[in-house]
2 protein chains.
Amino acid sequence: MSIEYTGITREGLSKQIADAIRTAIIDGRLMVDERLPSETELAERFGVSRPTVREALKRLAAQNLIRTQRGPTGGAFVNRLTWSEAHDALVTTATLLIGMNDIPFEEAIEARFALEAACLPFAVERRTEAQLETLRREIEQQQRGSMTDEGFCASDLRFHRVLVDAADNPVLSFQMAGVIEAMQPLMNMLTYRMRDRTRIARLHASLADALQARVTQSALAALKELGDYTLDLARARREG
Amino acid sequence: MSIEYTGITREGLSKQIADAIRTAIIDGRLMVDERLPSETELAERFGVSRPTVREALKRLAAQNLIRTQRGPTGGAFVNRLTWSEAHDALVTTATLLIGMNDIPFEEAIEARFALEAACLPFAVERRTEAQLETLRREIEQQQRGSMTDEGFCASDLRFHRVLVDAADNPVLSFQMAGVIEAMQPLMNMLTYRMRDRTRIARLHASLADALQARVTQSALAALKELGDYTLDLARARREG
DNA sequence: AAACATTATTTTGTCTGACATTTATTGGAT
DNA sequence: ATCCAATAAATGTCAGACAAAATAATGTTT
């Protein structure tokens, strides 16, 4: 690891060190599962104390870039970023972003249904029987009137997640997770009347039918109607 | 013996503290710009030492969740997550994810063009004259033969970023940044011959024309051709 | 000789205490 | 009243020490 640190001391030593190591990882100078020098060695090499090095390492650990292990064979290792970890990070970021910047409902809903529509053709083509069954199960739950609003939204979320996963493209699933899951708090703010729920469940059923028959046009039409209806609900909430 | 902490003490004190504070922020118990207790006070409240608290705070700072300021009125403040910061975080995560998990070209390209197509109808409807001009400028650059491969890819990236921004939906722009920018290293691996470049530039011109005339179908057709062609290049590279 | 228990060692995790640095406030001098 | 310096409060950094964990080496027992 050949890292120079001729930078300015104006931005915090631990941050500089963290950035140096992160850049080394992104550029590929540090490979996955490679072991970094021990904390004391890093401290010597950068000319700082061990706590400073540790703060830098914690920053990287917070981004899932490294993992640490104790013991003689321990140390800090470059972490292979898994889909699951990246997923969590994206959802956290997107949730905070939406929660802190009061996005208009319309924008968020527009983005979500537009992107979901992009997944739909692949889902129609590649959906499995198991995924169809999961969709049917969720629809059945949504038709029961005994659910709370949160429960209904949670089922809705699971439904759409299966829809996206049916496209069988990890990159798509990863990207979509951000929009869909981060919007759950927003969706929870919509209070669904009984009539709304039955209509939504019926549209979900249309979607599942289209997927089963592998007819892209019908699926897109059902999703569009669902998006428009959600928009209506959001607008009604704003005015009401 | 002191009181047990709720949860497993097996996961590192600083991580537990960081998680506790992060949850408080996400749940809204800590508002934006609110000041956290001082490090010494946090240390007392959690029953740990100051360095441990500091490591926890650094983890949160690494996620742009808090910012710190020195001085009497200083301390740690809940940070308003900006689009720019969230954008950078997403690009970093997506870049690492793609770089470390050797995604098949086909999957990445499929996802990218599918999502971009989802933005296109909005872009056709909402594009401004200034954006059209930017597109034309990039096309002109791409037609010049004097560019390096990296320069060509960079121009391509700028072209598509403008395309996405033309949809005028921050949520869409945010999501798309991940796919498009994180794929640049992949795209840089494609070596474009002169013939490829002219064809790509021509397709870009078709796209710009369709945006100018506000004809969605033509724009979608041009983008689809571009996607298919990129797929061909990727396949050729794999076999060559 | 082989299996098991024990000790040693290396590395991270945490604590204590101190000093340096930054910055708003406050009090005094002009 | 204005400007400037001392003050205080907070983070940033450092040093040394000990605790805890996990592997490797060692010794003991069967």
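Proteins come first, then strands; the chains are lettered A, B, ... in the order of their sequence lines, and each starts at number 1. Side-chain atoms are counted along with the backbone in the values below, which use heavy atoms only and exclude waters and symmetry mates. Note that the coordinates shown come from a computational prediction; the quantities given were computed from them, not determined experimentally.
Side chains of A:Val78 and A:Met31 form no contact here, defined as non-hydrogen atoms less than 4.5 Å apart.
Across the protein-nucleic acid pair, B:Phe77 atom CZ and C:dT23 atom P stand 13 Å apart, rounded to whole Å. The interatomic distance linking B:Glu41 (CD) with D:dA9 (C1') rounds to 13 Å, in whole Å. Look at CG on B:Leu42: it is 18 Å from P on D:dA9, rounded to the nearest Å. Counting to the nearest Å, the P atom of C:dG13 and the CZ atom of A:Arg67 are 13 Å from each other. For the pair B:Glu44 CD and C:dG17 P, the interatomic distance rounds to 13 Å; values are reported in whole Å. Rounded to an integer number of Å, the gap from CD of B:Glu39 to C1' of D:dT13 is 11 Å. Atom CD in B:Gln69 sits about 11 Å away from atom P in D:dT11, given to the nearest Å.
Screening residues 65-78 of chain B for side chain to side chain donor-acceptor pair (under 3.5 Å), with sequence neighbours left out, gives B:Asp33-B:Arg67, B:Arg67-B:Asn79. Judged as a salt bridge (Lys or Arg N to Asp or Glu O under 4.0 Å), not a single pair has a partner in residues 164-180 of chain B (not counting sequence neighbours). Annotation: ring-ring contact (aromatic ring centres under 6.0 Å, His included) contacts involving residues 162-181 of chain A, sequence neighbours excluded, are absent.
For B:Phe105, the ring pair (Phe, Tyr, Trp, His ring centres under 6.0 Å) criterion is met by no residue, not counting sequence neighbours. For B:Arg144, the side chain to side chain donor-acceptor pair (under 3.5 Å) criterion is met by no residue, not counting sequence neighbours. In this view, A:His160 and A:His204 satisfy the ring pair (Phe, Tyr, Trp, His ring centres under 6.0 Å) rule, not counting sequence neighbours. Residues that satisfy the side-chain contact (heavy atoms from CB on, under 4.5 Å) test with A:Ser84, not counting sequence neighbours, are A:Thr82, A:Asp88. Applying the side chain to side chain donor-acceptor pair (under 3.5 Å) rule to B:Thr92 yields no partners; only residues at least two apart in sequence or on another chain are considered. Taking A:Phe122 as the reference, nothing meets the ring pair (Phe, Tyr, Trp, His ring centres under 6.0 Å) condition, with sequence neighbours excluded.
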What's touching nucleotides 8-10 of chain C from the protein side, N or O pairs under 3.5 Å?
unit_1 : atom_1 : unit_2  : atom_2 : d
C:dT10 : O2     : A:Pro72 : N      : 3.2

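DNA chain C is contacted by A:Arg50, A:Arg54, A:Lys58 of residues 49-63 of chain A, taking any non-hydrogen atom closer than 4.0 Å. Taken residue by residue, residues 17-24 of chain B places no heavy atom nearer than 4.0 Å to DNA chain D.
B:Glu129 has a carboxylate O that lies under 4.0 Å from a charged side-chain N of B:Arg127, or vice versa, which qualifies the two as a salt bridge.
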